[in-house]
Amino acid sequence: MAPGKTTLLRALCGLMPLEEGRIRWRGADIAADPGAYHSDLAYVGHDNGLKGDLTALENLRFGIGLRRRVTAADCEAALAQVGLSGQHALPLRQLSAGQRRRVALARLPLMEAALWILDEPSSNLDTAGQAAMVELLARHLDFGGAAVIATHQALGLPSARLRSLTLQ
């Protein structure tokens, strides 16, 4: 069986060894300085990487705090961008799957990463959540960011901004 999209994304993140070839970012092999590469990278996979006993706000402050200083106001603004203004104080386990996905997506702009790698980012999102995700992505691209996205759904971005790769 040939490797699939999740395997490709994990390899692009430097999470698994390559059988052959190299992955380059900003002209350099990512294996040469993984720390520098990872500081430029934000990843959202199938698992949101969130803690159910923490609130949405605590999840963002903790997760982003591993990378850089972030204030509660920054986190609240990020949650508002994904439509979760009133949900920041609830434990994550009390939120729906779509709301948890929105919290995971709210991390992206806070990470200040140039490259976003997203695996099915709109899974569990309703129409408003998908629109919020596309808005985050469009803003990231507008400011010079890049994204590699595995999805089965149309993103709603102008086709001039997209390049497709079909895995078989």
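Scope of the values below: all heavy atoms of this structure, side chains included, with no hydrogens, waters or symmetry mates.
- Within the 4.5 Å cutoff, the side chain of Leu60 has no heavy atoms near those of the Glu76 side chain.
- Within the 4.5 Å cutoff, the side chain of Asp40 has heavy atoms near those of the Arg26 side chain.
- Evaluation of the side-chain contact (heavy atoms from CB on, under 4.5 Å) rule for Asp33 yields Ala36 as partners, not counting sequence neighbours.
- In terms of heavy-atom proximity, Ala147 sits nearest to Leu137 at CB-CD1, 3.7 Å.
- Applying the side-chain contact (heavy atoms from CB on, under 4.5 Å) test to Gln99 and every residue at least two apart in sequence or in another chain returns Leu84, Gln87, Leu95, Ser96.
- Taking the six-membered ring where tryptophan is involved, the planes of Tyr37 and Trp25 are perpendicular, since the angle between them exceeds 60° and thus also 30°.
- Residues Leu136 and Val134 fall within the same hydrophobic cluster, defined by Ile, Leu, Val, Met, Phe, Trp and Tyr side chains chained together at heavy-atom separations under 4.5 Å.
- By the salt bridge (Lys or Arg N to Asp or Glu O under 4.0 Å) test, Arg68 is found to be paired with Glu112, residues two or more places apart in sequence or in another chain being considered.
- When all heavy atoms are compared, the tightest approach of Asp53 to Glu58 is O-OE1, 4.5 Å.
- Of all non-hydrogen atoms in Cys13 and His38, the two that sit nearest each other are O-NE2, 2.7 Å.
- Taking every heavy atom of both residues into account, Gln81 and Pro109 meet most closely at OE1-CG, 3.7 Å.
- Atom OG1 of Thr151 and atom CG of Asp119 lie 9.0 Å apart (nearest 0.5 Å).
- Side-chain heavy atoms closer than 4.5 Å link hydrophobic residues (I, L, V, M, F, W, Y) into clusters, and following such links, possibly through other members, connects Tyr43 to Leu12.
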